[in-house]
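Step one of this worksheet: look at the structure below.
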Amino acid sequence: MKKYDHKKIEGKQQKAWAKTKLYTTKEDTKKPKYYVLDMFPYPSGEGLHVGHPKGYIATDVVSRMKRMQGFSVLHPMGFDAFGLPAENYAIKMKVNPAVAVAKNVARYKKQLEILGFDYDWNREVNTTDPAFYKWTQWAFLKMYEKGLAYESSEPINWCPSCKTGLANEDLEDGKCERCGSVVEKKPIRQWVIRITKYADRLLADLDALDWPESIKESQRNWIGRSEGAELVFPVVNASTKHELSNITVFTTRPDTLYGVTYAVVAPEHALLTKLKTENPAAVSNWAEIESYTASAKAKSEIDRTDVKREKTGVMVHGVSVKNPITGELVSLFVADYVLADYGTGAVMAVPAHDERDFAFAKRYGLPIKEVILGGDIKTGAFAGFGTLVHSGHFSGQNAEVAQKGIVSEAKGKWVVKFKLKDWVFSRQRYWGEPFPIMRDGDVVVPVSEKDLPVILPKVKSYEPSGTGESPLATIKKWVEVKIGKEKSAKKMMRETNTMPQWAGSSWYYLRYMDPRNSSKLVDPKKEHYWNEVDLYVGGAEHATRHLIYARFWHKFLFDMGVVSTKEPFKKLQSVGLIMAEDGRKMSKRYGNVVNPDDIVATYGADTMRVYEMFMGPFDQAIAWNTQSMIGSRRFIERVWRLGEKVSTTKKHVDTPVIEAVLNKTIKKVTEDISMMRFNTAISTLMATMNEFEKNDMLSRGAYEKYLKLVAPFAPHVADELYAQLGNKKSIHITSWPICDETKIGVEKVKIAVQVMGKVRGVIEVEKDLSEAVARELALALPEVKKWVDGKEIVKVIYVPGRIVNIVVKG
RNA sequence: GAGCACGUGGCGGAAUGGUAUACGCGCUAGUCUUAGGAACUAGUUCCUUACGGAUUGGGGGUUCAAGUCCCCCCGUGCUCACCA
C-alpha cells in the first residue's frame, strides 16, 4: 500500500467531484429534502483564519450524512458584502469597494474550496450583485406600500467617525460597533422600518423554534415586552390649582399608585415645550430647567445610561401633578434617568418600592411612602407583591389582585409596551443598496417595479460627506431622473441614502432556492419544495441583530404570500469560537492568526476538518492547538493503514464482537452527527479503530461501512480508500449504513457488582440474565464475599446489563 | 445589578441517576534508527511498599446508588443592562 499523501489525494478527489458535478442540487420530488445553511461570510481583506470554517465543516458533515441517507440536500454558500466594513476597508486601501469586494470574495472562495466542502457553487449569491439586490429593493418597495417603511427626522444614533446613522442594534455599549467611536444623538432624515409592528409575533413565534434557549432568551429580552397601565396625571398650576395640561405615565406596577410622591418626565418630553409656549408664566425656573435639558441632550448615550452615575434632575417649580386616584398634588421633576423613547417618557415615582426612584428621592430629600407590606426595595428594581397598606379602600388586598381595580378607578388603560425600536434603515454612505425611492419636490414617489433594480452608480469619490447626505448626492446625473421623453418632462430626485449592511442578509437564504430567477424573488414551487431552513449554523453574536431582522423580513414576505412558512429557520445551532493558542481572539493585531491554507498544506484538509470537529463540544469556545491536531492526522493514517488488514476473500466473516462494535458505532455516529455532537462521534470512530486493530482481519463489508461513517468528516481520504477497494461510484453518493440491532444484542456484557454502592467486583454475563442468577453469580465472587460475609443482606438491586448492588447491614 | 451557561487528570474533554476519568494531546519506558524526529508497543487521576483508601470547585440533602437531581456558598465565561 502506498503512503498516505494528503496533497495528492485531496487535489485528485476535489477535481473528480467537480468533474462529475457530485454536489449539484436538484429539486428531486421523489426524495425528502434537507436544507442546511451556514451564515454566509462577510469577506474581509484579511481572509479566513482557522476559526471561520468550523461552522462550515459542521454543516458539511451533516449535509454529507443527509445526502447518503437519501435526502435531496441544499447546502449553499454566498457572500454578504455591502456595508461599512467593506467600504471602510476600500477607503483605507484607496480602491473602489466593488473592486475590493471582488478580490476578497475570490480569495475566500479559494480558501473554502481547498477544504473540500460540498457546496453547490451554481447557487452562489452575492448581496452586492444587482440581480440579487433587485429583490432587496423590491421587498423595501412592498414594505413602503404597506406602510411599514416611513421617513423620520427624529434624533438617531450617529457615528461621528463613520459619518452615518446607526440602528440601535449596531451599538455596543453605546459605541459604534464598527469603529468604537462614542455615538451621538443627531436628528437626521432617515428611512425607518416599522419592525415594532411585528414585535408581538416575533416574540410569540419564538416558543416553537428549536433554537438554543439562550438565543431565544436574548431575543425575548431585546423585544422586551411588558404589560402595564397608562395613567393620566393632570398637570396643574401649583398656586391656583388650575389645570394646565397633563402627562401620561406608563407603569407595570399600578398597585403602587397610592405610594406616588412625585412624577418625572424625560428631558425630551413634549410637556416642557408645551408649557413654555402655552403657559410660560406658570413655571418659575425656566433657566434652570433649560440648562438641565440642554446638558442632558448633549450627553452621549453611554454617559447618560451609565448605571453607576448618580441620578440628577431638576424640579419644575410652579406646577404640580395630580394623582388620578387620590387627587393628591405632588411635585414634578425633569430627570434623565427617565428615558424619552421607552413607555411614555414619563413615570410616576414610587420611591418606597422602586430602587431608582428610591435613589433619586434620597438624593433630593423627597418623601417616601410605603404602600406594600414586605416590599423590600433592596431586593431588586421592584417590590414583590405583598399586602397593600395606606391605599384607601384597597388596603388589605393583595397588591397583584388589586391592580385591576386601581387602574379602572384611576381611569387608566392597560397597554403592552416593547423595548424593541423601529429599525433605522438608512445609512449616509455609498456602499449599500440604493433605495427605490424618488422625490417630486416634497412628494415621495416609489420607483415602479419594472424599473428595478436601481443600480448603484460608480463614483469617483465615495468617502462619506458627513452632512447627512450620502456621496451619491454629488452625482447629479444619477440623482436627477427625467420622467417621460419630451423636453418638458418632469424632473425627480433620487433618494441618496443607502440601505444598511443587514438588508441583504435578511432574506438571502431564500435566494439560494432559486438564485437566477429574474422575474420573482423565488419561484413558489421551489419555495414549497425547500420550505424552511432545516438547520442553520452560525455565531451567537447574531442573536439580536441578523436573526431578528431575518425573522421580521420573513414574516413580512409570509404576509405578502412570497413564502409559505412563518419562520425562516427551524433549528438553529450556535458555533463556538475558536480562539488563538494564547487564549485571545485570533486577530492580525495580536499576530496570533492561524491560516487554514498553511494547515491544509502541512496536515491536509481532512486532518483539519477532523481536528476542528474533535476539539470539544461544538457550541463551546475553545483555543486552537496545533500540537493537539497531530492526533487527528494519526487517526486518518490509521484509517489508511487499516485498509491493509481488509480481507480480500469474499468468504471472510467478521467475529460477533467486531459486528457488535461496528453496529454500535453506526448507531452512535449517526445519532451524534444528528445532534451535532461531532467530538463524541469522532472519539467513537477512534475507539472502534482500536477494536479493529486488535483483530487480524476485517471483512471488506465492515471496512466499507466504517469508511462511510468517516466520509462526512474526512471526505477525501474516505473516497480515495473506497475507490481503492475497486468501487466505481463515489462514497459520498452511496447509502449511509444502518445499525443492525440484532448484532448488538448477542454480546456479553461486563457488569459491576457493588456492595453498599462501592464496586467490589465484575461479572461477565448475558445482557438479559435473570435476577436470581445474577444475584447468585455476584454473591459467589470472592472479592464480594469478603465484604458480605457475616453481614445480613438487606436487599439486592439488579439492573440488567448495568449493575448488581448488594445492601448489607451490620 | 439581572439573565443564561459552566466548574471532572498536566491539558482538550467523555459519561440514558448505575464500573468516573472514554477518546485525543502531553509525559514515561521500550522497539526501530548513525543521531534526532516520525512511527509502533506498553504505561499514565491522586495517596499508599502493600492491603486498601480518597477523588468530579466547597458545604448540606434526596437515593440501594449522585459528576448527573434539590438547597446554600465560592469561582469563571457570555449576554443584557436606569426599559418604570
Side-chain angles (χ1 to χ4, degrees), chain A residues 173-174 212-218 220-222 224-226 228-229 249-254 256 264 266 304-309 311 335-339 341-350 353-357 359-360 379-382 417-421 540-541 543-544 574 576-577 610-611 614-617 619-632 634-635 637-638 641 677 679-690 693 749-763 794-808:
Chain A
D173 267 337
E213 207 42 52
S214 59
I215 292 195
K216 290 209 258 184
E217 205 47 43
S218 305
R220 288 191 191 107
N221 208 316
W222 193 264
R225 181 183 198 272
S226 52
V249 305
F250 173 68
T251 177
T252 55
R253 293 301 298 271
T256 61
V264 189
R304 219 174 126 168
T305 58
D306 185 3
V307 196
K308 287 172 207 93
R309 208 183 105 229
K311 294 189 175 23
D336 64 6
Y337 81 89
V338 171
L339 306 176
D341 54 4
Y342 180 73
T344 58
V347 303
M348 57 180 224
V350 187
H353 303 292
D354 181 283
E355 218 175 24
R356 299 151 298 183
D357 297 343
F360 190 79
T379 56
F382 289 109
K417 296 279 179 194
F418 293 97
K419 279 204 290 188
L420 184 72
K421 306 274 189 304
E541 67 274 17
T544 51
S574 306
L577 222 62
V610 168
Y611 173 61
F614 181 60
M615 287 174 90
D619 57 354
Q620 218 169 81
I622 196 160
W624 179 265
N625 188 328
T626 301
Q627 184 182 261
S628 207
M629 189 172 56
I630 192 72
S632 302
R634 284 182 193 145
F635 169 66
E637 290 188 3
R638 285 164 73 196
R641 278 197 307 268
R677 291 189 305 226
N679 56 330
T680 50
I682 291 171
S683 69
T684 302
L685 288 169
M686 287 173 169
T688 303
M689 170 66 64
N690 293 342
E693 282 176 347
V749 287
K750 281 180 184 162
I751 67 173
V753 179
Q754 298 181 334
V755 180
M756 296 301 284
K758 278 195 191 302
V759 178
R760 299 299 179 186
V762 173
I763 51 177
V794 179
K795 72 172 158 179
V796 174
I797 289 122
Y798 171 57
V799 183
R802 288 282 177 197
I803 206 155
V804 179
N805 190 11
I806 301 158
V807 185
V808 294

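Convention: sequence-line order gives letters A, B, ...; per-chain numbering from 1. It should be emphasised that the depicted structure is a prediction, and the values quoted were computed from it without experimental measurement.
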Self-check item: Partner of A:Tyr798 under side-chain contact (heavy atoms from CB on, under 4.5 Å), chosen from A:Val753, A:Ile806, A:Ile751
Solution: A:Ile751
Quiz prompt | Least distance between heavy atoms, A:Ala543 atom then A:Ile215 atom | solution = CB-CG2, 4.0 Å
Quiz item: Say you pick atom P in B:rG10 and the same atom in B:rG57; how far apart are they, in whole Å?
Solution: 13 Å
Quiz prompt | B:rA39: pairing nucleotide in any strand, Watson-Crick or G-U under 3.5 angstrom | solution = B:rU31
Self-check item: Between C1' of B:rU63 and CE of A:Met756, the distance in whole Å
Solution: 12 Å
Quiz prompt | Euclidean distance for C1', B:rG77 against B:rG60 (whole angstrom) | solution = 27 Å
Practice problem: Using atom CH2 of A:Trp624 as one end and atom C1' of B:rC25 as the other, report the distance to the nearest whole Å. | Solution: 14 Å
Quiz item: Considering only the C1' atoms, how many Å lie between B:rA65 and B:rC11, rounded to the nearest integer?
Solution: 31 Å
Quiz prompt | A:Ile797 side chain, from C-beta outward: closest of B:rC64, B:rC4, B:rC82 | solution = B:rC64
Quiz item: Do A:Ser628 side-chain atoms and A:Asn625 backbone N/O form a donor-acceptor pair below 3.5 Å?
Solution: no
Self-check item: Separation of atom CZ in A:Arg802 from atom P in B:rA15, rounded to whole Å
Solution: 13 Å
Quiz item: What distance do A:Lys417 atom NZ and A:Thr344 atom OG1 have between them, rounded to the nearest 0.5 Å?
Solution: 6.5 Å
Quiz prompt | CZ on A:Arg220 to CZ on A:Arg225, rounded to 0.5 Å | solution = 12.5 Å
Quiz item: Would a 4.5 Å heavy-atom cut-off, applied to side chains only, mark A:Trp624 and A:Met629 as touching?
Solution: yes
Quiz item: How many Å lie between NZ on A:Lys795 and C1' on B:rC64, as a whole number?
Solution: 5 Å
Practice problem: Specify the separation, in whole Å, of atom CE of A:Met686 and atom C1' of B:rG24. | Solution: 6 Å
Quiz item: Can you tell me how far NE2 of A:His353 sits from OG1 of A:Thr256, rounded to the nearest 0.5 angstrom?
Solution: 7.5 Å
Exercise. Give the nucleotide from the list B:rC82, B:rA84, B:rC25 with an atom nearest to the side chain of A:Ser226.
Key: B:rA84
Practice problem: Of all the heavy-atom pairs spanning A:Ala346 and A:Val338, show the shortest one and how long it is. | Solution: N-CG1, 4.2 Å
Practice problem: Any chance you could measure A:Thr626, atom OG1, to A:Tyr611, atom OH, to the nearest 0.5 Å? | Solution: 7.0 Å
Quiz item: When you match A:Gly757 and A:Gly345 each to their closest nucleotide on RNA chain B, which lands nearer the 5' end?
Solution: A:Gly757
Quiz prompt | Rounded C1' spacing from B:rC74 to B:rG24 in Å | solution = 32 Å
Quiz item: Looking for any heavy atom pair under 4.0 Å, which part of the strands does A:Val753 touch: base, sugar-phosphate only, or nothing?
Solution: nothing
Quiz item: Using atom P of each nucleotide, how far apart are B:rG12 and B:rG1 to the nearest Å?
Solution: 29 Å
Measure all distances between protein nitrogen or oxygen atoms and nitrogen or oxygen atoms of nucleotides 76-80 of chain B, and list the pairs falling under 3.5 Å.
unit_1, atom_1, unit_2, atom_2, d
B:rC80, O2', A:Asn221, OD1, 3.4

Quiz item: Base, sugar-phosphate alone, or nothing: which one does A:Ile630 contact when heavy atoms must sit under 4.0 Å apart?
Solution: sugar-phosphate
Self-check item: Pairwise P distance, B:rU45 and B:rU28 [rounded to whole Å]
Solution: 16 Å
Self-check item: Pair partner, B:rA66 [Watson-Crick or wobble, under 3.5 Å]
Solution: none
Quiz item: Where does B:rG9 fall, syn or anti, if syn means a chi angle no more than 90° from 0?
Solution: syn
Exercise. For side-chain contact (heavy atoms from CB on, under 4.5 Å), just list the numbers for A:Lys750 and A:Ile763, CA-CA rounded to whole Å, side-chain angles, deciding distance to a tenth of an Å, and then say yes or no.
Key: CA-CA 6 Å; A:Lys750 281 180 184 162; A:Ile763 51 177; over 6 Å; no
Nucleotide N/O of nucleotides 12-14 of chain B paired with protein N/O under 3.5 Å:
unit_1, atom_1, unit_2, atom_2, d
B:rG12, O2', A:Met615, O, 2.7
B:rG13, OP1, A:Gln620, OE1, 3.2
B:rA14, OP1, A:Asn679, ND2, 3.0

Practice problem: Determine the contact category for A:Val759: base if any of its heavy atoms lies under 4.0 Å from a base atom, sugar-phosphate if only primed atoms, P, OP1 or OP2 are that close, otherwise nothing. | Solution: sugar-phosphate
Exercise. Report the residue (A:Met348 or A:Val762) whose heavy-atom-nearest nucleotide on RNA chain B is the more 5′ of the two.
Key: A:Val762
Quiz item: Minimum heavy-atom separation for A:Val804 to A:Val796, with atom names?
Solution: CG1-CG1, 3.8 Å
Quiz prompt | B:rC27 to B:rU34 separation - C1' atoms, rounded to the nearest Å | solution = 27 Å
Exercise. Using atom CD of A:Glu637 as one end and atom P of B:rG24 as the other, report the distance to the nearest whole Å.
Key: 15 Å
Quiz item: Can a side chain N or O of A:Tyr337 be found less than 4.0 Å away from OP1 or OP2 on B:rA84?
Solution: no
Practice problem: Using Watson-Crick or G-U wobble geometry with both distances below 3.5 Å, tell me the partner of B:rU45, or none. | Solution: B:rA54
Self-check item: CG-CD distance between A:Leu577 and A:Glu541, expressed to the nearest 0.5 angstrom
Solution: 7.0 Å
Quiz item: Is it true that A:Arg634 and A:Glu637 make a salt bridge, defined as a side-chain N closer than 4.0 Å to a carboxylate O?
Solution: no
Sort me out a list of protein N/O and nucleotides 40-42 of chain B N/O pairs below 3.5 Å, or just none if empty.
unit_1, atom_1, unit_2, atom_2, d
B:rC40, OP1, A:Arg641, NH2, 3.0

Practice problem: Verify, without hydrogens or angle tests, whether A:Asp357 (side chain) and A:Val350 (backbone) share a donor-acceptor contact under 3.5 angstrom. | Solution: yes
Practice problem: Check the distance between B:rA66's P and A:Ile803's CD1 and give it to me in whole angstrom. | Solution: 10 Å
Quiz item: With both distances kept under 3.5 Å, what pairs with B:rC11, Watson-Crick or G-U wobble?
Solution: B:rG24
Practice problem: Hunt down the Watson-Crick or G-U wobble partner of B:rA2, both distances under 3.5 Å, from any strand shown, or write none. | Solution: B:rU79
What's touching nucleotides 51-53 of chain B from the protein side, N or O pairs under 3.5 Å?
unit_1, atom_1, unit_2, atom_2, d
B:rG52, OP1, A:Lys786, NZ, 2.7
B:rG53, OP2, A:Arg760, NH1, 3.3

Quiz item: Is B:rU16 paired to anything, Watson-Crick or G-U wobble with both distances less than 3.5 Å, and if yes, which nucleotide?
Solution: none
Practice problem: To the nearest 0.5 Å, tell me how far A:Asn679 CG sits from A:Thr684 OG1. | Solution: 9.5 Å
Quiz item: Can you check the A:Gln754 CD to B:rC64 P distance for me, whole Å?
Solution: 13 Å
Self-check item: Residues in ring pair (Phe, Tyr, Trp, His ring centres under 6.0 Å) contact with A:Tyr337, at least two apart in sequence or another chain
Solution: A:Phe360
Practice problem: For nucleotides B:rA22 and B:rU31, find the distance between their P atoms and express it as a whole number of Å. | Solution: 27 Å
Quiz prompt | Residues in salt bridge (Lys or Arg N to Asp or Glu O under 4.0 Å) contact with A:Arg677, at least two apart in sequence or another chain | solution = A:Asp672
